[in-house]
Number of protein chains: 4
Amino acid sequence: MAKRADFVESRRNTRRNQIFKGAVKVLADKGYHSATTQEIADAAGLAKGTVYEYVKNKEDILLLVMEEGLSMLKNDINKIFEKTDDPRERLKQLILVQLKFAKKYKDSAKVVLHEVNNLTGDGRKMFLEQENELVEITRSVIDDGIKRGYFKKINSRLAAELFEHASKFYFDYGNSPYHKSTLNEISDFILSNYLRAILVDE
Amino acid sequence: MAKRADFVESRRNTRRNQIFKGAVKVLADKGYHSATTQEIADAAGLAKGTVYEYVKNKEDILLLVMEEGLSMLKNDINKIFEKTDDPRERLKQLILVQLKFAKKYKDSAKVVLHEVNNLTGDGRKMFLEQENELVEITRSVIDDGIKRGYFKKINSRLAAELFEHASKFYFDYGNSPYHKSTLNEISDFILSNYLRAILVDE
Amino acid sequence: MAKRADFVESRRNTRRNQIFKGAVKVLADKGYHSATTQEIADAAGLAKGTVYEYVKNKEDILLLVMEEGLSMLKNDINKIFEKTDDPRERLKQLILVQLKFAKKYKDSAKVVLHEVNNLTGDGRKMFLEQENELVEITRSVIDDGIKRGYFKKINSRLAAELFEHASKFYFDYGNSPYHKSTLNEISDFILSNYLRAILVDE
Amino acid sequence: MAKRADFVESRRNTRRNQIFKGAVKVLADKGYHSATTQEIADAAGLAKGTVYEYVKNKEDILLLVMEEGLSMLKNDINKIFEKTDDPRERLKQLILVQLKFAKKYKDSAKVVLHEVNNLTGDGRKMFLEQENELVEITRSVIDDGIKRGYFKKINSRLAAELFEHASKFYFDYGNSPYHKSTLNEISDFILSNYLRAILVDE
DNA sequence: GATGAATGAGTCTTCATTCAT
DNA sequence: TATGAATGAAGACTCATTCAT
């Protein structure tokens with residue numbers, strides 16, 4: 001029984017999670033550069049010094065938030081593939097899941113969308129890779145749909161990029177007082193227009 | 001003859017333009033918070049103190065850049081309406097103009113897109129208003145198209161928001177090494193799919 | 001039988017010795033202020049908290065090292081007096097022993113020489129007293145030599161201070177890449193020149 | 001007339017000198033690591049930010065102090081060579097000058113002696129080079145003395161190192177309450193004993 | 001006794017803004 | 001008007017010390 005090591009590992013996870021939760025709130029609210037490590041520590045319910053036990057530096061906090069955010073999103077996405085293998089349904093769910101994610105994890109989504117540019121070096125590289133992976137998943141679904149004769153013969157990579165971009169629409173929601181539509185209206189519009197646009201005419 | 005006042009006013013414009021040009025480059029390159037006023041002054045070919053003669057504070061520099069950027073974009077947009085009054089053509093041009101703008105004024109576009117959140121108070125309000133105005137222009141074109149029987153009876157406000165959002169796609173291009181499509185491919189895709197999706201079937 | 005107390009006392013000594021050995025290495029390498037208590041604990045093979053069971057604070061670690069260093073040096077010095085009572089030979093050995101000490105306990109010597117100024121309060125007082133004691137030993141040897149007619153009638157206190165100072169020469173050796181002489185060359189030079197200089201002409 | 005550039009240059013020198021003077025006091029008193037940049041700025045009569053206009057970082061302040069200290073010392077040394085070319089007199093003056101320097105510029109001397117180890121990289125290299133230069137000057141004087149038959153055929157490099165070391169004796173004076181001798185006593189002792197020791201017997 | 005996670009005071013450094021020239 | 005030296009508030013990060021387990 002590696003009881004001791006387990007405990008240490010578990011506490012480590014607890015702390016990283018505290019930091020994640022605190023940081024998400026603060027970063028979504030003030031943005032990376034305007035947020036101070038003190039504020040993040042306070043929001044995490046930890047002392048400043050304690051945060052640095054679990055994180056290399058400020059950028060590492062951002063990385064933690066983005067990785068966790070992406071990981072949660074990927075989790076949701078993976079579940080889609082268990083339910084159906086029809087590319088039309090998969091593509092639809094792919095969009096829905098991301099719109100819902102933006103609503104459910106409003107703060108995480110906001111950080112993921114807005115703070116990429118504050119990532120440098122390996123962190124940035126890793127993030128872009130993950131983002132690209134997401135596009136590639138979408139692309140493979142589209143390619144499958146084309147092969148099976150459901151979708152028109154479009155540039156699947158670009159289509160995937162544009163779908164991903166559209167899925168991010170809701171990420172920004174609430175930033176402007178002029179935004180009014182509900183999540184349902186948005187997903188209905190995208191699904192019934194964008195998605196239908198690439199279906200082959202029957 | 002307000003000769004003297006004219007001269008003063010004209011120099012003021014020259015200076016503000018110098019600042020705009022310098023700031024655009026620096027802000028696009030390093031982002032608002034990482035850029036220093038010194039760097040901006042250098043890029044503008046002015047002393048730091050001189051910059052402050054023409055600008056209230058750092059945020060005011062950002063505002064200047066965004067206003068100028070938006071104003072250039074609006075200029076381009078207004079020209080569309082002089083050429084045709086067919087809402088189908090107008091909507092198409094509306095999208096094209098924005099994609100082209102993102103390419104032509106890469107740096108301005110980057111700043112406009114990424115730094116909104118660093119605007120506060122009245123500056124932010126003004127920017128969001130202008131952005132909303134843009135959406136409203138698009139919306140009125142769509143409404144006109146619906147009225148004339150060209151477009152389906154869709155939620156025109158939401159449609160306009162989504163078109164605006166899609167137009168911003170190219171703004172982010174080049175940020176990731178995975179981005180590969182050309183401007184032409186992007187506009188073709190959007191026009192032939194998104195735009196066609198809202199046309200009434202003949 | 002104070003068995004229990006003995007055991008406690010013995011462990012205490014073991015631990016203090018671990019700390020001494022670890023600290024000497026780290027302090028000689030990085031200097032007092034740049035060395036962290038964590039590094040010292042690591043080098044001692046103890047946990048940080050454990051170190052604080054045997055030591056009041058960081059300065060106390062330095063004190064431990066300096067006291068131990070001086071105590072070892074005094075040990076070596078005392079042996080001289082058992083072997084001869086000729087002040088000429090005693091003075092010679094006094095110098096030799098210190099040069100050799102600097103070579104044998106390079107790290108200890110380095111710490112003793114360089115970190116005096118980081119000692120404060122009682123620790124500093126104690127150290128300076130001990131250093132003075134060393135000078136006084138040398139002085140008494142010189143005084144004895146003068147009384148017996150071997151040495152010239154010089155200011156014995158100052159002479160002792162200068163001999164002590166010369167003995168520290170080798171302490172600094174190796175700090176600069178320009179240092180090249182061997183211990184033997186140094187001791188030969190000091191003995192055959194400085195020492196001979198105070199002998200009465202025969 | 002490069003009036004403007006001259007003025008700028010002159011102010012720069014004034015400021016660097018203020019920093020030098022403030023830093024010398026503080027560094028001599030508290031040591032490099034215990035002194036804060038705030039204390040140094042205060043002692044210099046400048047704001048903390050202003051100090052950083054004239055200095056790269058904290059270590060750069062130390063470098064400034066050591067360079068200035070060494071430069072003053074070298075100045076004094078150079079004057080010796082103008083007065084006589086007799087190596088016996090030159091060597092004597094070489095020692096005297098350094099002892100006097102330690103008295104006159106007590107604080108500078110203390111910093112130069114004690115803080116070498118806090119110099120890193122190029123700063124350290126430069127300092128050691130300069131120190132070596134000093135030894136080489138002494139050595140050349142000794143070599144000259146040997147060639148002219150005044151001094152015994154000793155290892156001149158080592159002799160020079162030891163003379164330099166002895167000259168530093170007074171640098172440390174005042175650190176311990178047990179130090180009592182005056183500068184005159186010290187120089188008399190060194191000159192009449194150490195120096196005479198290397199003279200050829202007549 | 002031993003441990004090492006938690007703490008927060010303390011430090012260096014940057015940079016927007018001001019103002020005397 | 002133009003300048004850039006001076007300022008000091010603010011912020012990231014370190015590390016000696018404590019204390020619950």
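Each chain gets a letter, A, B and so on, in the order its sequence line appears, and its residues count up from 1. The figures that follow rest on heavy atoms only: side chains count, while hydrogens, waters and symmetry mates do not.
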Out of curiosity, [X] [atom1] to [Y] [atom2], how far, rounded to the nearest 0.5 Å?
X       : Y        : atom1 : atom2 : result
A:Gln18 : A:Arg11  : CD    : CZ    : 11.0 Å
C:Leu63 : C:Met126 : CG    : CE    : 4.5 Å
C:Ile40 : C:Ile19  : CD1   : CD1   : 9.5 Å
D:Met66 : D:Phe127 : CE    : CZ    : 4.0 Å
C:Arg16 : C:Ile61  : CZ    : CD1   : 10.0 Å
A:Thr14 : A:Glu9   : OG1   : CD    : 9.5 Å

Steps toward side-chain contact (heavy atoms from CB on, under 4.5 Å) verdict (B:Arg15, B:Val51): CA-CA 8 Å; B:Arg15 292 283 180 257; B:Val51 169; over 6 Å; no
Letter per nucleotide, 5' to 3', of nucleotides 7-13 of chain F [B base touched, S only sugar-phosphate touched, - untouched; heavy atoms, 4.0 Å]: BBBBSSB
All side chain to side chain contact (heavy atoms under 4.5 Å, CB included) counterparts of B:Asn118, not counting sequence neighbours: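 Side chain to side chain contact (heavy atoms under 4.5 Å, CB included) list for B:Asn118, sorted by chain: B:Tyr32, B:His33, B:Leu62, B:Glu115.
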Range on DNA chain E touched by chain D - first to last nucleotide, heavy-atom distance under 4.0 Å: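 Listing 5' to 3', DNA chain E meets chain D from E:dT11 to E:dT14.
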Qualifying side-chain hydrogen bond (donor to acceptor under 3.5 Å, both in side chains) pairs with a residue from residues 55-72 of chain C, counting only residues at least two apart or across chains: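 Listed once each, the pairs are C:Glu59-C:Thr120.
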side-chain hydrogen bond (donor to acceptor under 3.5 Å, both in side chains): pairs with one or both residues in residues 36-50 of chain D, sequence neighbours excluded: D:Lys30-D:Glu39, D:Thr36-D:Glu39, D:Gln38-D:Asp42
Where DNA chain F forms stems, i.e. three or more consecutive Watson-Crick or G-U pairs with both distances under 3.5 Å: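 Result, WC/G-U stems under 3.5 Å: E:2-21 with F:2-21.
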Sugar-phosphate, base or nothing in reach of A:Arg12, heavy atoms under 4.0 Å: nothing
